[in-house]
Amino acid sequence: MTFAELEYKRVDMEALKEQLGQFTQQLKDAKTFEEADEIYLSMNHTECSTIRTMRTIAQIRRDIDTRDPFYDAENTFYNQEIPKLQPLRKAWTDTLLQSPFRKQFEEKYGNVPFLNAELDARSFVPELVEDLQKENALVSRYTKLIASAQIPFDGQVLTLSQMSPYKLSPNDDVRRAAWKAEGEWYNEHGQELDEIYDELTKLRHGMGLKLGYDSYTPLGYDIMKRNCYTEKDVDAFRQAVQKYLVPVAAKLCKQQAERMGFDYPMTFADKDLAFRSGNPKPAGKPDEILQMGTTFYSELSPETKEFWDHMIEHQMLDVESKPGKAAGGYCTSIYTVKSPFIFANFNDTAHDVEVITHEAGHAFAAYVNRNRVPADTIWPSLEACEVHSMSMEFFVEPWAEGFFGKDARKFRFTHVADALTFIPYGTMVDHFQHEVYKNPNCTPAERHQIWSDLLKVYMPWVKLGDVPFYGEGKGWQRQSHIYKRPFYYIDYCLAQTVSLEFWTRIRKDLKSAFDTYMAYTNLGGSMVFTDLLKAAGLNSPFGETCLKNISEEAEKFLDEYDLTGIE
């Protein structure tokens, strides 16, 4: 069955509420572990076959075309109704945590579901229902605003995703004009972007106060399932990024400016162009890229071949950029058919290849673990998930000629270089959010100033000015995670650090590196992040030597890289 053939039916919320209440009472009344376990599995199956599946189908179809009135209305329905389930879910969670059979549950399913249940239990009180509804509505408003972008350029009217190739044009006039046009669109909608985030910040701060916290940050960490590290650990990681990675990235960017004939520090419109002849581009159109994906996954391993064949046969991906489509990309799971789904926006840049490795890395992990019970152990926490995706991006390098043709050498260079410059950027996104939620009453101008100040710390190779919006310290507003998923972005940085360790292993022995990747992936969500790494024989990004060693090895690789013949 293809995705288009999947039946959608709005969940009967009243019937679901009744079922959830019944499951909670039955769990309280259970006399044996076998009886309690049967109820536990029934609850898991009911949630997966109703709310998790139907909401996911509705959300994907809404994102494919945000102008579709039916699925837009369905998305609004779930945004309003799902928070109303929270009191019943909390009652279930409290009962599960207090169950006399908890020890047997943990022996059978591991302790992660219960660690996460404890985080869920302390991150909700009934007074939050209305706040959660408002939060959902504001996030949807942001999503629709970004998807609505129609930018006149080059005789066309383009979406933000469709602007991407122009923003990477080797023609200085075209590229700078594209950045200017996009920046002007954001500025035209700046007041609304400020209003949405201002409301979100104050709303979330109030939610934290209702739970007895001094700010939203501890609540945000609980929501993100930070079950094996703390805010102090993240701060230490940020300090290590500043100490080891920023100097290497700054050196790399200075060399780039010299190679390109740009002033240093560079403008936002210049910083992403690596070569005068242009950045690496895929060698084919979307269908050809997908076909090369078939070659790559077929040759990488029997497991990846089976997975990719499934995705293509059942059409569990939508990657074409088109008007009305939500921005960005993601992978999710449709539980009733035990299948992942990939959503993306191809834009004729190297990003297209990264999509079928990054999002497919997520999808592969979900496919491998599709039969895990309970469903919450299919996926690990998000930083652990991002290891699947960012590491898969590096496994494609031996197949670079197939994806990039004559630009394969460019790709191998920029892929590592971009990873080194990304980690400081992503860490800055995280640092910004900590500052914002520490100071929830900041004005929009003060938030822009925080971003501007952090740019000097984490991205000293970029100068303010020149480019509208970006050069005015407002560029954080294009980072959707800041609006949609507070504190998510550091997950990418932690995972990128681990993925660079995979990169070092791939260069030495591809098969051995993939065996380690499978050892990590096969564990699904059965362990917390740091334990997953340890079990697979990988280093923790929280150890200072990890960033130090990776920085040194990547710097050496790039210093010695032969760019002869590449203009």
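Numbering of residues begins at 1 and proceeds along the displayed sequence.
Counting heavy atoms from C-beta outward, Met316 and Leu6 have side chains that approach closer than 4.5 Å. With a 4.5 Å cut-off on side-chain heavy atoms, Phe3 and His314 do not count as touching. By the 4.5 Å heavy-atom criterion applied to side chains, Phe341 and Thr56 are not counted as neighbours. With contacts defined as side-chain heavy-atom distances shorter than 4.5 Å, the pair Ser526/Thr377 does not qualify. Contact check for Gln162 versus Gln156: no side-chain heavy atoms found under the 4.5 Å cut-off. Side-chain contact check for Phe487 versus Asp430: some heavy-atom pair is nearer than 4.5 Å. The side-chain heavy atoms of Tyr78 and Arg62, taken from C-beta on, include no pair separated by under 4.5 Å.
Judged purely by atom type and a 3.5 angstrom limit, Ser499 uses its side chain to pair as donor or acceptor with the backbone of Gln496. In this structure, Glu401 contributes its side chain and Ala408 its backbone to no donor-acceptor pair below 3.5 Å. In this structure, Arg412 contributes its side chain and Glu397 its backbone to a donor-acceptor pair below 3.5 Å. Not one N or O on the side chain of Asp318 forms a donor-acceptor pair closer than 3.5 Å with the backbone of Phe343. In this structure, the side chain of Thr304 engages the main chain of Tyr297 through a donor-acceptor pair within 3.5 Å. Under the 3.5 Å distance criterion, the side-chain polar atoms of Thr53 are matched with a main-chain donor or acceptor of Cys48. Looking only at distances, a side-chain donor or acceptor of Thr66 sits under 3.5 Å from a matching main-chain atom of Gly324. Without hydrogens or angle criteria, Glu501 side chain to Asn539 main chain gives a donor-acceptor distance under 3.5 Å. Judged by distance alone, the side chain of Thr521 and the main-chain N or O of Met518 form no donor-acceptor pair under 3.5 Å. Under the 3.5 Å distance criterion, the side-chain polar atoms of Lys325 are matched with a main-chain donor or acceptor of Ala344.
With respect to the salt-bridge test (charged N to carboxylate O, under 4.0 angstrom), the residues Lys556 and Asp559 do not qualify. Between Lys225 and Asp491 there is no salt bridge, since no side-chain N of the basic residue sits under 4.0 Å from a carboxylate O of the acidic one. Salt bridge annotation for Arg67-Asp72: absent, with no cationic side-chain nitrogen under 4.0 angstrom from a carboxylate oxygen. A salt bridge does not link Asp515 to Arg505: none of the charged side-chain nitrogens sits closer than 4.0 Å to a carboxylate oxygen. Ion pairing of Arg175 with Asp172 is present here, as a side-chain N (NZ or NE/NH1/NH2) and a carboxylate O approach within less than 4.0 Å.
Atom NZ of Lys305 has 12 or fewer neighbouring heavy atoms from other residues, nucleotides or ligands inside a 6.0 Å radius. Counting non-hydrogen atoms of neighbouring residues, nucleotides and ligands closer than 6.0 angstrom, the CD atom of Glu560 exceeds 12 such neighbours. No more than 12 heavy atoms of other residues, nucleotides or ligands sit less than 6.0 Å from atom NZ of Lys548.
Atom CG of Asn227 is separated from atom OH of Tyr221 by 13.0 Å, given to the nearest 0.5 angstrom. The OG1 atom of Thr545 lies 9.5 Å from the CD1 atom of Ile550; values are rounded to the nearest 0.5 Å. Between atom CD of residue Glu555 and atom CG of residue Leu245 there is a gap of 10.0 Å, rounded to the nearest 0.5 Å. Taking CZ of Arg226 as the reference point, atom CG of Leu115 lies at 15.0 Å (rounded to 0.5 Å). We find the OG1-CG distance between Thr516 and Asp509 to be 9.0 Å, quoted to the nearest 0.5 Å. In this structure, Lys484 NZ and Ser140 OG are separated by 8.5 Å, a value rounded to the nearest 0.5 Å.
Relative orientation of the Phe432 and Trp451 rings is perpendicular, given thresholds of 30° and 60° on the angle between their planes. His358 and His362 have perpendicular rings, their planes meeting at more than 60° on a 0 to 90° scale where under 30° would count as parallel. Between Tyr488 and Tyr492, the ring-plane angle classifies as parallel under the 30° and 60° cut-offs.
Between Pro340 and Phe307, the shortest heavy-atom contact is CG-CE1, 4.4 Å. The minimum heavy-atom distance between Leu160 and Ile151, with the atom names listed, is CD2-CD1, 3.7 Å. Nearest approach of Gln433 to Pro486, heavy atoms of both residues: OE1-CA, 3.2 Å. Contact between Asn347 and Pro165 at its shortest, heavy atoms only, is O-CG, 2.7 Å. The two residues Pro282 and Thr349 have their closest heavy-atom pair at CG-O, 3.2 Å. Closest heavy-atom contact between Arg259 and Phe413: NH2-CE2, 4.2 Å.
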| request: Using the side-chain contact (heavy atoms from CB on, under 4.5 Å) rule, take Val462 and Thr267 through it: C-alpha gap first, then chi angles, then the decisive distance, then the call. | output: CA-CA 6 Å; Val462 178; Thr267 69; over 6 Å; no
| query | Please walk me through it: do Trp461 and Leu252 pass side-chain contact (heavy atoms from CB on, under 4.5 Å)? | reply | CA-CA 9 Å; Trp461 51 88; Leu252 181 65; over 6 Å; no
| request: Start with the C-alpha distance between Ser381 and Glu383, add both sets of side-chain angles, then the distance that settles side chain to side chain donor-acceptor pair (under 3.5 Å), and finish with yes or no. | output: CA-CA 6 Å; Ser381 51; Glu383 71 289 284; 2.3 Å; yes
| Lys271 and Thr421: side chain to side chain donor-acceptor pair (under 3.5 Å), yes or no, with the steps? | CA-CA 10 Å; Lys271 70 177 178 62; Thr421 54; over 6 Å; no
| request: Walk me through it: do Asp272 and Lys167 pass the test side-chain contact (heavy atoms from CB on, under 4.5 Å)? | output: CA-CA 8 Å; Asp272 293 335; Lys167 290 171 63 185; over 6 Å; no
| task | Using the side-chain contact (heavy atoms from CB on, under 4.5 Å) rule, take Ser480 and Ile146 through it: C-alpha gap first, then chi angles, then the decisive distance, then the call. | result | CA-CA 9 Å; Ser480 64; Ile146 298 301; over 6 Å; no
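Taking the centre of each ring, Tyr367 and Phe364 stay at or above the 6.0 Å mark. Taking the six-membered ring wherever Trp is involved, the centroid distance between the rings of Tyr229 and Phe237 does not fall below 6.0 Å. Residues Phe502 and Phe394 place their aromatic rings such that the two centres sit no closer than 6.0 Å. For Tyr520 and His388, the ring centers sit closer than 6.0 Å to each other.
Take Thr414 and apply the side chain to side chain contact (heavy atoms under 4.5 Å, CB included) test, not counting sequence neighbours, and it matches Ala274, Phe275, Pro280, Asp418.
Checked against Tyr8 for a side chain to side chain donor-acceptor pair (under 3.5 Å), the options Arg61, Arg55, Glu74 give a single hit: Glu74. Among the candidates Phe469, Phe268, Trp179, the single residue satisfying the ring-ring contact (aromatic ring centres under 6.0 Å, His included) test with Tyr186 is Phe469.
Under 3.5 Å, the side chains of Tyr330 and Glu359 contain no donor-acceptor pair of N or O atoms.
For residues 279-296, the pairs satisfying side chain to side chain donor-acceptor pair (under 3.5 Å) are Lys281-Asp348, Thr294-Trp308, with sequence neighbours left out.
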